[in-house]
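Please read the structure below before turning to the comments.
For reference, positions follow the sequence shown, starting with 1. As a basis for the values below, the full set of heavy atoms in this structure was taken, side chains included, without hydrogen atoms, waters or symmetry mates.
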Amino acid sequence: MRELNKLLGKVRVLNTPEVNPNISALEYDSRKVTPGACFFAVVGTASDGHNYISSAIEKGAVAVVCQRLPETIDDGVAYVLVEDSNIAMAAMAAAFYDNPSHDLKLVGVTGTNGKTTTATLLYDMFMAMGHKCGLISTVVYRIAERRIDSTHTTPDSIRLNAMMREMVDEGCEYCFMEVSSHAAAQHRIDNLRFEGALFTNLTHDHLDYHGTFKEYIRAKKSFFDGLDKEAWAVVNIDDRNGEVMIQNCKAKCYRLSLRSMADFRTKILEMMPNGMQLYIDGNELWAKFTGRFNAYNLTTVYAAATLLGVDKIEVLTTLSVLSPVSGRFETITAEDSTMAVVDYAHTPDALENVLETIGELRKAEQKLIVVCGCGGDRDKTKRPEMAAIAVKHATTAIFTSDNPRTESPEAILDDMIAGVEGARNYLRISDRREAIRTASMLAQAGDIIVIAGKGHEDYQIIGTEKHHFDDREEIRNAFASR
C-alpha cells in the first residue's frame with residue numbers, strides 16, 4: 001500500500017485531489033481494476049480510458065489519473081488531473097515499486113532490427129558467467145531462470161516496474177531489455193535509470209503508428225536524450241542515424257563499425273552457413289552465427305559487456321559458445337540436404353540482410369525459394385518493398401499471409417504484388433501452410449528455402465483471434481512428407 005500523495009512526487013498535477021487514499025495497485029485496464037487501485041485513463045489509438053472511469057470506480061478504484069475530469073464526480077475518489085496520463089503512470093509506477101531500475105544494471109537496446117538477438121545474447125552471456133539477470137524481449141520475458149510469456153516488445157510502465165521489482169527481489173544484478181519506438185513515444189521507459197543504451201540500426205518500420213520517418217527517428221532518439229551523464233551509449237555508425245542518436249546526449253558515447261575506425265571494430269574473416277570467423281577488437285572469434293547483420297549484433301554485445309566491466313577475453317570466450325536466438329536465422333535441414341532458414345525478418349532491411357547473407361553462401365546451382373508476407377493493420381508502404389526484395393534475390397518468391405489480422409489477406413497480397421510489376425518469378429498463395437508446402441515441393445536436394453516474417457511466433461492472427469501456427473513445425477512436416 002502506498003499513499004497517493006507519496007506517489008505523486010514527480011507528477012505535474014493540475015489540481016489538488018480532495019482525498020489522499022492508500023493505493024493497493026496500479027491499473028490502466030478497467031477490466032482488471034481491483035479494490036483500492038489507482039486507475040489511469042489513458043488515451044490510446046483504439047480506445048480512450050476516460051470512457052471507462054465509471055467502470056473502474058464500480059470495481060473499487062479509489063483514485064483516477066486523467067487528462068480531463070468526468071462529468072460525474074464520486075465522493076471519496078481522488079481525481080488527479082494531468083497533462084498526459086502515460087507520463088504520470090510511468091512516474092507513479094516507478095515510485096510504487098520503489099524505483100527497481102536503480103537497483104539493477106539496466107541496459108536498453110533500440111533500433112529497427114537486431115534488438116531481440118542483442119538483448120537475448122547479453123542475457124545468455126551474463127547468465128552463463130554466473131550472474132542472475134532479467135530479460136525483456138519480443139520473444140520472452142525472464143526473471144533469472146523463470147520464463148514469462150511476452151505480450152509486447154516493451155511492456156507498459158506498470159508491468160515494467162513490477163517485473164524489475166521481481167528481478168531485484170530474486171537477486172538479479174542485470175536487466176537487458178528491448179526499447180521499442182512505441183515504448184519511447186508512449187513514455188513507458190520514463191523514470192527508469194539506464195546503465196547503458198545500444199543502437200543497432202534504423203530502417204523503414206512502424207510508419208502506421210509514427211506517421212513519418214522523422215517521427216520514428218525522434219522516438220528512438222528520445223531514449224538517448226533521456227540518459228544521464230553516468231550512463232554510456234553505443235551506436236552503430238555504419239548506419240547514418242547512429243550519430244543522430246547521440247547528438248546532445250549527456251552519456252559517455254562510443255561507436256562501433258564494420259567499415260571504419262571506431263571504438264569497437266569488427267572484420268568478417270570467413271563466413272559459412274554454420275558460423276563466422278571474426279576479428280573483434282584485436283582478437284579472433286569463431287561464432288555460431290552467420291551474416292553481416294549478426295556480426296553487428298555480436299559487436300554490439302561485445303561492446304556492452306566490456307563497458308559493463310567484463311574482461312574482453314572472457315566476453316569472447318563466452319560469445320564463442322552461445323547459440324542463435326529462436327526464429328532468428330534458424331536452420332532446419334531435410335534428409336536430402338535441402339535447407340530451410342526461418343527468420344523473423346518483417347521489414348525490408350531485415351529481409352534484404354537475410355537474403356544477402358544467403359546470396360553470399362549459396363552456390364550457383366542452388367535454387368533460393370523465398371516465402372514471405374506482410375502483417376495486416378500495419379504499415380502498408382513497406383509491402384511493395386518487401387515483395388521487390390524477395391523477387392530480386394529469389395529463384396522463386398512465394399507471397400503469402402503473415403498475420404493478416406482484420407485485413408483481407410488478398411488485399412495485402414495485392415499491395416505486395418504492386419511492387420513487382422513485370423516479374424515472373426513469383427507465386428501468390430494466401431494460405432501460409434500451403435505456401436510452405438509448395439516451397440518444399442519446389443526445392444530439390446541442396447536448395448535453400450527462406451521462410452520470413454514470423455520467426456519464433458507459434459501463432460497466426462486472423463481477424464482478432466490467434467491460431468496455432470509455427471513456421472518451423474510446418475517446414476519440418478513438409479520435409480517429412482516429401
Side-chain angles (χ1 to χ4, degrees), residues 106-128 132-156 159-160 162-164 166-167 172 174-183 188-189 198 200-201 205-206 287-291 293-294 296-298 300-301 304 319 322-332 340-347 349-351 353-354 372-373 375 378 402-403 450-461 466-476:
L106 176 62
V107 177
V109 188
T110 199
T112 306
N113 303 311
K115 297 189 299 296
T116 299
T117 295
T118 301
T120 304
L121 289 180
L122 280 166
Y123 167 86
D124 289 344
M125 170 182 286
F126 278 78
M127 288 289 285
K132 278 191 175 182
C133 304
L135 173 67
I136 298 170
S137 78
T138 303
V139 177
V140 69
Y141 307 144
R142 286 190 179 275
I143 299 172
E145 298 286 357
R146 181 153 57 95
R147 179 188 177 97
I148 303 169
D149 288 340
S150 174
T151 55
H152 296 79
T153 295
T154 312
D156 63 85
R159 192 171 188 195
L160 262 178
M163 282 198 293
M164 288 185 190
E166 288 187 67
M167 292 174 192
C172 291
Y174 302 89
C175 175
F176 303 105
M177 66 176 286
E178 296 184 49
V179 176
S180 68
S181 57
H182 292 71
R188 297 181 214 164
I189 59 171
L198 305 169
T200 58
N201 50 65
D205 202 15
H206 298 308
K288 301 175 186 177
F289 299 77
T290 197
F293 60 97
N294 270 323
Y296 281 110
N297 293 334
L298 292 168
T300 307
V301 170
L319 271 181
L322 295 181
S323 298
V325 176
S326 175
R328 266 63 175 180
F329 213 90
E330 186 171 346
T331 58
I332 297 165
V341 176
V342 177
D343 194 272
Y344 189 55
H346 60 284
T347 67
D349 185 65
L351 183 61
N353 285 338
V354 169
C372 67
R378 296 294 187 268
D402 191 287
N403 291 318
V450 171
I451 306 171
K454 293 177 60 59
H456 65 281
E457 293 179 353
D458 60 1
Y459 59 82
Q460 188 174 31
I461 305 174
K466 278 187 177 182
H467 304 267
H468 179 76
F469 193 97
D470 188 322
D471 286 348
R472 296 161 297 186
E473 289 180 8
E474 296 300 329
I475 190 59
R476 286 190 181 100

Which distance, rounded to the nearest 0.5 Å, do you find between the [atom1] of [X] and the [atom2] of [Y]?
X: C372; Y: D402; atom1: SG; atom2: CG; answer: 9.0 Å
X: M125; Y: T120; atom1: CE; atom2: OG1; answer: 12.5 Å
X: R476; Y: I332; atom1: CZ; atom2: CD1; answer: 4.0 Å
X: K288; Y: L319; atom1: NZ; atom2: CG; answer: 11.5 Å
X: D470; Y: Q460; atom1: CG; atom2: CD; answer: 11.5 Å

Taking only residues two or more places apart in sequence, or in another chain, which ones meet [X] in a salt bridge (charged side-chain N to carboxylate O under 4.0 Å, His left out)?
X: D343; answer: none
X: D156; answer: none
X: R159; answer: none

[X] (side chain) donor-acceptor with [Y] (main chain) under 3.5 angstrom:
X: H468; Y: D458; value: yes
X: S150; Y: S137; value: yes
X: Y141; Y: T151; value: yes
X: E474; Y: F469; value: no

Handout entry: From CA spacing to verdict: side chain to side chain contact (heavy atoms under 4.5 Å, CB included), L106, M177
Key = CA-CA 8 Å; L106 176 62; M177 66 176 286; 3.7 Å; yes

List for me each residue that meets side chain to side chain donor-acceptor pair (under 3.5 Å) alongside [X], sequence neighbours excluded, and say none if there are none.
X: R146; answer: E166, E170
X: H467; answer: none
X: R328; answer: T116, H456
X: Y296; answer: D238

Exercise for the section: Given side chain to side chain contact (heavy atoms under 4.5 Å, CB included), test F176 with I136 step by step and report yes or no. Expected result: CA-CA 6 Å; F176 303 105; I136 298 170; over 6 Å; no

Kindly write out the residues that satisfy side-chain contact (heavy atoms from CB on, under 4.5 Å) with [X], not counting sequence neighbours, or none if the list is empty.
X: T118; value: V109, L122, L198, T200, N297, T300, V301
X: T153; value: K115, T138, E178, S180
X: A287; value: L285, F289, L298
X: E457; value: Y344, N403, K454, Y459

Shortest non-hydrogen contact from [X] to [Y]?
X: H346; Y: G453; result: CB-O, 3.9 Å
X: G134; Y: C172; result: N-SG, 4.1 Å
X: I189; Y: V179; result: CD1-CG1, 3.8 Å
X: A452; Y: L351; result: CB-CD1, 3.7 Å
X: A340; Y: I475; result: CB-CG1, 3.7 Å

Handout entry: Residue from M127, R142, M167 passing side chain to side chain contact (heavy atoms under 4.5 Å, CB included) with C133
Key =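 Among M127, R142, M167, the one that satisfies the side chain to side chain contact (heavy atoms under 4.5 Å, CB included) with C133 is M127.
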
Practice task
Find out whether R188 and P155 are in side-chain contact, i.e. whether some heavy atom of one side chain is under 4.5 Å from a heavy atom of the other.
Solution key: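 The answer is no, as the side chains (C-beta and beyond) never meet within the 4.5 Å cut-off.
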
Handout entry: Side-chain touch I148/I143, heavy atoms, less than 4.5 angstrom
Key = yes

Practice task
Apply side chain to side chain donor-acceptor pair (under 3.5 Å) to the pair N113 and N353, showing each step before the final yes or no.
Solution key: CA-CA 10 Å; N113 303 311; N353 285 338; over 6 Å; no

Problem - Full working for side chain to side chain contact (heavy atoms under 4.5 Å, CB included) between V341 and I451 - result: CA-CA 6 Å; V341 176; I451 306 171; over 6 Å; no

Exercise for the section: Compute the ring centroids of Y123 and Y174, then answer whether they are less than 6.0 Å apart. Expected result: no

